[in-house]
Novice: 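Mind looking over this structure? Questions follow.
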Amino acid sequence: MKYNVEEIESKIHFRQLEGIGERLEEDITSILNRTGIYFRIFQRAKTPFSIAQKLEKDGYGFEEGEKKMQDLIGLRVVVYYYDDMAIIRGILDQTFRCVGDWAKTDTTEEEFKASKLNGVFRIPNEYQQVYNGDISFMPIDRTFEVQLRTISFEGWHEIEHDMRYKSPYEGAFWEDNEDLSRTLNCVLANLELCDWSTLSVFDKLSYYHYEKHNWEMMLKGKYRLRFDAKPLSKELVDFLESYPDVAYCLYRCEREPVIYALLQDGHHDAITYDLLVKVANEAVSSYDGKTKRKLAKLCNELVKEEKGIKPERLELNPLELTPSFQLNVTLSHKLGVDEKQEFTAAVRMIASWAQGRFCNIANNIPLTPEDYEFHMPGYNLQIMGNVSLGFYKLSLEYVDLTRKGVVWCTTVSLEQSERIRMKVDCGYCHPPDRLVRDSFNKPRFVDEIFRKIGYEDVIPMSLKPGKITSMKDLEKVSSFIADHNRNLPVILAVEEEDSERQINVARLAETVGTYAHVFLMDKKVIPVMVEISDYTKEELMGAVWVTFRGGEDKFFTREMIADSRFDFNKYAFDAGNVYEKAFRHKLVKLIKENNC
């Protein structure tokens, strides 16, 4: 390739490009929402590979006669009705600085092609100013492209793009199959017919309601907008009955000037039938001035009432904190190793993790136990440390770049007395009225400290399940479960006679071994368990027992395990026992929820 993908990735700031695309999407959405047009909008920034692949084609370069890539950022607006494409095109032309002419589908009466409009616009300066990546080494314009298409052709474009335009086989894919290619064009012709037929249906429906004096339904069929549920006011219904020339004007006038009048009306909260009659009266009236003034007075009274009073200032609410990970353990101590060394080693791993989080923001975060502060909008870091006192505490906050309104918070402390105690609290803050997907966020240093130093929660933690093969083992585990000093949950899985039905205890221990204890009981110990518990042999065989701190127990028989199902089954087409994966997923989720 002409351009190296790794070089493109290192020089172009793609997250900022995505942010510009998101802002453009929000701006266009806010404008189009005021028109009431039915639409969907999507945005994307080109990937490094896609950039390199496109610039590989002939015609791109810096020389005279060569062109530059103009769709580094792309938006697609999909409309439900064909005639809305021209209206949105006009709105965009007046809103942004268009570069060149719109590209549209050229067809003759003997051929069919997917209908689309492509326009290129300058990225506004206010957005360019926040971009600090480098695109000067490639033939790329500081522009964004908008594609307009109807919902009928939305899926078709993907098919054509993949099977024709971007086919890796070029003409060979359709060679000697001209009849099939023609059949595919027939499908395309039907899609075009669908777009035109839809408009025809609603035009005829609007005329039917006009003749029946169903004024609200006439407006719905004529203008095809996202109207509010509020019906056409009785006062306006009576007015249209009394002034048939006004009703005829509303039926016969063009949609486009009325939609533009909605844009000029100001920031209305919703598009109502009353509002539409008001702006139509102002924009397209063809009846006498006296009637126009009388209708304007009536509409102003009705629309003024429906707007209501807006609050003068925004009411701010405190963010809610949702825990995502917690851990309270003792660090293991190896004989012959100075505890100060273990303490400073743990500090280094925690601080290195913080450096990774703030690598593009702060580069002087200390790796030793000492005081440090860093504050800037969206990012806060505070460290208190004293190696002689054996104390270290790090508090870190940063905004989530992928989820709007989310701020991550992590606090970790180390205290050294006879042993080193570590406490970790992680969570995320979000607006109270915003639905945020639950997240379990175990920081990387938790596993790193575990591998290099180790944890103890009364007994050592392990990523391998403990084995219970005798009465003596059972007594030890029972004593441990009853220990009030234990902080973390205990999972006890009983061995199955049929190994095919056994849950994957080893995989379970690998997953939760840093914040839960996992044991596997040999089936030969079951008779002893029957004697000391209230369970039968049948109930214990293949069962799983979970004990949390404070004595809360969860007991799952193998029948309950076999009945486990995913709400969203990502493993539906995998080989093996899906129910086992479903139960293990359920168990891990239970442990994580208890952890928080």
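All residue numbers refer to positions in the sequence shown, counting from 1. Since we're looking at a predicted model, the values are computed, not measured.
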Novice: With a 6.0 Å cut-off on the ring centroids, do Tyr515 and Phe325 count as close?
Specialist: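 Yes: the rings meet the under 6.0 Å criterion.
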Novice: Take Thr330 and Val458 through the test side-chain contact (heavy atoms from CB on, under 4.5 Å) and record every step on the way to the result.
Specialist: CA-CA 8 Å; Thr330 301; Val458 179; over 6 Å; no
Novice: So that I can tick it off, tell me whether Glu495 and Lys524 are bridged by a salt bridge, with the cut-off set at under 4.0 angstrom between side-chain N and carboxylate O.
Specialist: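 No, this pair does not count.
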Novice: Which class fits the ring pair His430 and Tyr428: parallel under 30°, tilted 30 to 60°, perpendicular over 60°?
Specialist: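 His430 and Tyr428: tilted rings.
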Novice: May I ask you to test the Ser332-Phe450 pair for a side-chain heavy-atom distance under 4.5 Å?
Specialist: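 Contact flag for Ser332/Phe450 side chains = no.
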Novice: Kindly indicate whether the side chain of Val387, heavy atoms from C-beta on, has any atom under 4.5 Å from the side chain of Tyr392.
Specialist: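 No, their side chains stay 4.5 Å or more apart.
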Novice: I'd like to know if Asp447 and Lys442 make a salt bridge, using a cut-off of under 4.0 Å between side-chain N and carboxylate O.
Specialist: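 Judged by the 4.0 Å cut-off on N to carboxylate O distance, Asp447 and Lys442 do form a salt bridge.
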Novice: According to the salt bridge (charged side-chain N to carboxylate O under 4.0 Å, His left out) rule, which pairs have a member within residues 7-18, sequence neighbours left out?
Specialist: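 Non-adjacent pairs meeting salt bridge (charged side-chain N to carboxylate O under 4.0 Å, His left out): Glu7-Lys11, Arg15-Glu18, Arg15-Glu22.
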Novice: Any heavy-atom pair between the side chains of Val78 and Ile41 that's under 4.5 Å?
Specialist: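 No, every pair of side-chain atoms sits at 4.5 Å or beyond.
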Novice: I'd like to check Val477 versus His517 (side-chain heavy atoms, cut-off strictly below 4.5 Å). Are they in contact?
Specialist: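 No; the side chains remain at least 4.5 Å from each other.
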Novice: Using a 6.0 Å cut-off, check whether atom NE2 of His484 has over 12 heavy atoms from anything other than its own residue.
Specialist: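 Check fails, neighbour count at 12 or below.
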Novice: Quick check: do Val544 and Val494 have side-chain heavy atoms less than 4.5 Å from each other?
Specialist: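 The answer is no; the side chains never approach within 4.5 Å.
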Novice: Does Arg507 have more than 12 heavy atoms from other residues, nucleotides or ligands lying within 6.0 Å of its CZ?
Specialist: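 At most 12 heavy atoms, drawn from other residues, nucleotides or ligands, come within 6.0 Å of this atom.
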Novice: Any side-chain heavy-atom pair from Leu75 and Phe42 closer than 4.5 angstrom?
Specialist: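 A side-chain contact under 4.5 Å is absent here.
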Novice: Under a 4.0 Å threshold between the charged nitrogen and the carboxylate oxygen, would Asp71 count as salt-bridged to Lys46?
Specialist: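 A salt bridge links Lys46 with Asp71.
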Novice: Would you confirm whether the ring centroid of Phe374 sits within less than 6.0 angstrom of the ring centroid of Tyr379?
Specialist: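 No.
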Novice: List for me each residue that meets side chain to side chain donor-acceptor pair (under 3.5 Å) alongside Glu342, sequence neighbours excluded, and say none if there are none.
Specialist: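 So Glu342 forms a side chain to side chain donor-acceptor pair (under 3.5 Å) with His333.
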Novice: How far apart are the C-alpha atoms of Leu367 and Ser352, what are their side-chain angles, what is the distance that settles it, and do they pass the side-chain contact (heavy atoms from CB on, under 4.5 Å) test?
Specialist: CA-CA 7 Å; Leu367 299 178; Ser352 297; 3.7 Å; yes
Novice: After noting the C-alpha distance and the side-chain angles of Met422 and Leu327, does the key distance pass the side-chain contact (heavy atoms from CB on, under 4.5 Å) rule?
Specialist: CA-CA 8 Å; Met422 182 174 80; Leu327 186 65; 4.1 Å; yes
Novice: Would you say Lys340 has more than 12 foreign heavy atoms packed within less than 6.0 Å of its NZ?
Specialist: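 Above 12, so yes.
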Novice: Are more than 12 heavy atoms from other residues, nucleotides or ligands located less than 6.0 Å from atom CZ of Arg421?
Specialist: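 Counting other residues, nucleotides and ligands, CZ of Arg421 exceeds 12 neighbours.
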Novice: Taking 4.0 angstrom as the limit, do Asp563 and Arg558 come out as a salt bridge?
Specialist: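 Salt bridge absent between Asp563 and Arg558.
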Novice: Run the ring-centre check on Tyr535 versus Phe555 and record whether the distance is less than 6.0 Å.
Specialist: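 Yes.
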Novice: Taking atom types as modelled, find out whether Asp473 and Ser470 have a side-chain donor-acceptor pair closer than 3.5 angstrom.
Specialist: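 On atom types as modelled, these side chains qualify, holding a pair under 3.5 Å.
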Novice: How about Glu373 and Gln382: do any of their side-chain heavy atoms sit closer than 4.5 Å?
Specialist: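 Yes, at least one pair of side-chain atoms sits under 4.5 Å.
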Novice: Determine whether the side chains of Asn380 and Tyr398 contain a donor N or O and an acceptor N or O closer than 3.5 Å.
Specialist: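 Side chains of Asn380 and Tyr398: no pair found under 3.5 Å.
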Novice: Walk me through it: do Val505 and Val518 pass the test side-chain contact (heavy atoms from CB on, under 4.5 Å)?
Specialist: CA-CA 8 Å; Val505 183; Val518 182; 3.6 Å; yes
